[in-house]
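Computation of the quantities below employed the complete heavy-atom set of this structure, encompassing side-chain atoms and omitting hydrogens, waters and symmetry-equivalent molecules. Count residues from 1 along the sequence.
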Amino acid sequence: REDEIRLGSQLVVGENQQAIFVKGGRICDVFETGQYTLGTSNLPILSQILGSIFGGDSPFQASIYFINKAIFMNAKFGLTPFNLSEPNFKVPIPVSARGTYSIRVSDGKKLLINLSGNTTDFTIEKIRNSFKSLVCTNVKTEIINISRNTNISPIELETQITQVNQAVKDKIILIFREYGLEVEHFVFEAIPVIDDDPKVQNVIFTRVNGSGTIADWGAKTKDQVIPT
């Protein structure tokens, strides 16, 4: 909502905060940490929008958002299973991924510009929810790219989790910066293979036991139980 504000009013912006004036959905003037006496000199964009209305003792209306840049927003991500091709056997292997990350605001103006069309409620929970699908989509895309470009088997992705984590984190950092956010922490907890499909079990068993083809697996395991 918009508040009534008068020229000459005092504005106090706390440590690690930004105060951002918004009028009619337009991002206007930004104040960093400090104490200010509001006037035409430090509200140039807002004064231009309001024109002759702006000035004197009459109050004007605008919204002020206080952005705390010190708060770390912790969140989790988890992907629904998706298929990756096993390069040796050409069998689709369903995998998933889960992990945690934390972000903080580095540029409040950029964040409001990107999110103001979707919401006016900039709580930590709202920001987390706004980026949930973005994180999952890009994590999935990067895992697919890594698997394709390195020709690594989906079964072996988790053994390379440190390298996969760094590659995905580098991409996520760039994406969040476009929104005025910095990634402080990003860690994969697991990249599990969903092995409830017999074909997937066959591939896993064949790779573990060094058989050359999946057909060999049938001969080897006629009277065996696949280890889990």
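- Without hydrogens or angle criteria, Thr33 side chain to Gly14 main chain gives a donor-acceptor distance under 3.5 Å.
- The OG1 atom of Thr40 sits 11.0 Å away from atom CG of Leu46, with the distance rounded to the nearest 0.5 Å.
- Between Tyr179 and Phe131, the ring-plane angle classifies as perpendicular under the 30° and 60° cut-offs.
- Remark: Glu86 CD to Thr206 OG1 distance equals 9.5 Å, nearest 0.5 Å.
- Side-chain contact between Asn202 and Val91 is absent, with no heavy-atom pair separated by less than 4.5 Å.
- A heavy-atom distance below 4.5 Å is found between the side chains of Leu157 and Ile152.
- A continuous path of ILVMFWY side-chain contacts below 4.5 Å connects Leu134 to Leu115, so both sit in one hydrophobic cluster.
- Residues Lys109 and Cys28 approach most closely at NZ-O, 4.1 Å, considering heavy atoms.
- Atom-to-atom distance recorded for Ser63:OG and Ile20:CD1 is 12.0 Å, nearest 0.5 angstrom.
- Without hydrogens or angle criteria, Gln35 side chain to Val12 main chain gives no donor-acceptor distance under 3.5 Å.
- Between Tyr36 and Phe31, the ring planes are perpendicular. Angles over 60° get that label, and only those under 30° would be called parallel.
- The two residues Val193 and Ile155 come nearest to each other via the heavy atoms CG2-CA, 3.9 Å.
- Side-chain contact between Pro192 and Pro94 is absent, with no heavy atoms from C-beta onward closer than 4.5 Å.
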Decide yes or no on ring pair (Phe, Tyr, Trp, His ring centres under 6.0 Å) for Phe77 and Phe188, but give the supporting numbers first. CA-CA 9 Å; Phe77 66 87; Phe188 276 90; 5.5 Å; yes
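- With rounding to the nearest 0.5 angstrom, the CD atom of Glu125 is 10.0 Å from the OG atom of Ser130.
- In this structure, Gly78 and Cys136 approach most closely via the heavy-atom pair O-SG, 3.6 Å.
- At distances below 3.5 Å, at least one donor-acceptor pair connects side-chain atoms of Glu158 with backbone N or O atoms of Ile191.
- Residues Phe82 and Phe89 share a single hydrophobic cluster, defined by chaining ILVMFWY side chains whose heavy atoms lie under 4.5 Å apart.
- Side-chain contact between Lys76 and Arg98: absent, with no pair of heavy atoms (C-beta onward) separated by less than 4.5 Å.
- Hydrophobic cluster membership differs between Phe60 and Ile49, with clusters built from Ile, Leu, Val, Met, Phe, Trp and Tyr side chains linked at under 4.5 angstrom.
- Annotation: Lys140, atom NZ; neighbour count of heavy atoms from other residues, nucleotides and ligands within 6.0 Å does not exceed 12.
- Of the possible polar contacts, one joining the Ser47 side chain to the Pro44 backbone as a donor-acceptor pair under 3.5 Å is found.
- Under the 3.5 Å distance criterion, with hydrogens and angles disregarded, a donor-acceptor pair is assigned to the side chains of Asp170 and Gln166.
- With rounding to the nearest 0.5 angstrom, the OG atom of Ser106 is 8.5 Å from the CD atom of Gln18.
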For Glu184 and Ile103, run side chain to side chain contact (heavy atoms under 4.5 Å, CB included): C-alpha distance rounded to whole Å, both residues' side-chain angles, the deciding distance at 0.1 Å, then the answer. CA-CA 6 Å; Glu184 300 294 334; Ile103 53 177; over 6 Å; no
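- There is no path of hydrophobic side-chain contacts, each under 4.5 Å, that joins Leu181 to Leu174.
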Using the rule given for side chain to side chain contact (heavy atoms under 4.5 Å, CB included), can you reason through Phe186 versus Val139, listing the C-alpha separation, both sets of side-chain angles and the distance that settles it, and then say yes or no? CA-CA 11 Å; Phe186 187 92; Val139 167; 3.8 Å; yes
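- Annotation for Asn165 and Val187: closest pair OD1-CA, 3.1 Å, computed over non-hydrogen atoms.
- Asn151 CG to Ile146 CD1: the interatomic distance, rounded to the nearest 0.5 Å, is 13.5 Å.
- Taking a cutoff of 4.0 Å between a charged side-chain nitrogen and a carboxylate oxygen, Glu32 and Lys69 qualify as a salt bridge.
- Nearest heavy atom pair, residue Ile143 against residue Leu79, reads CD1-CD1, 4.5 Å.
- Within the 4.5 Å cutoff, no side-chain heavy atoms of Gln160 are placed close to those of Thr150.
- Here the side chains of Asn68 and Val105 are not in contact, with every heavy-atom distance at 4.5 Å or above.
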When you look at Phe176 and Tyr101, which way does the side chain to side chain contact (heavy atoms under 4.5 Å, CB included) test go after all the steps? CA-CA 12 Å; Phe176 271 111; Tyr101 66 96; 4.1 Å; yes
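- Considering every non-hydrogen atom in both Gly180 and Lys110, the closest pair reads N-CD, 3.4 Å.
- Under the 3.5 Å distance criterion, the side-chain polar atoms of Asp29 are left unmatched by any main-chain donor or acceptor of Phe21.
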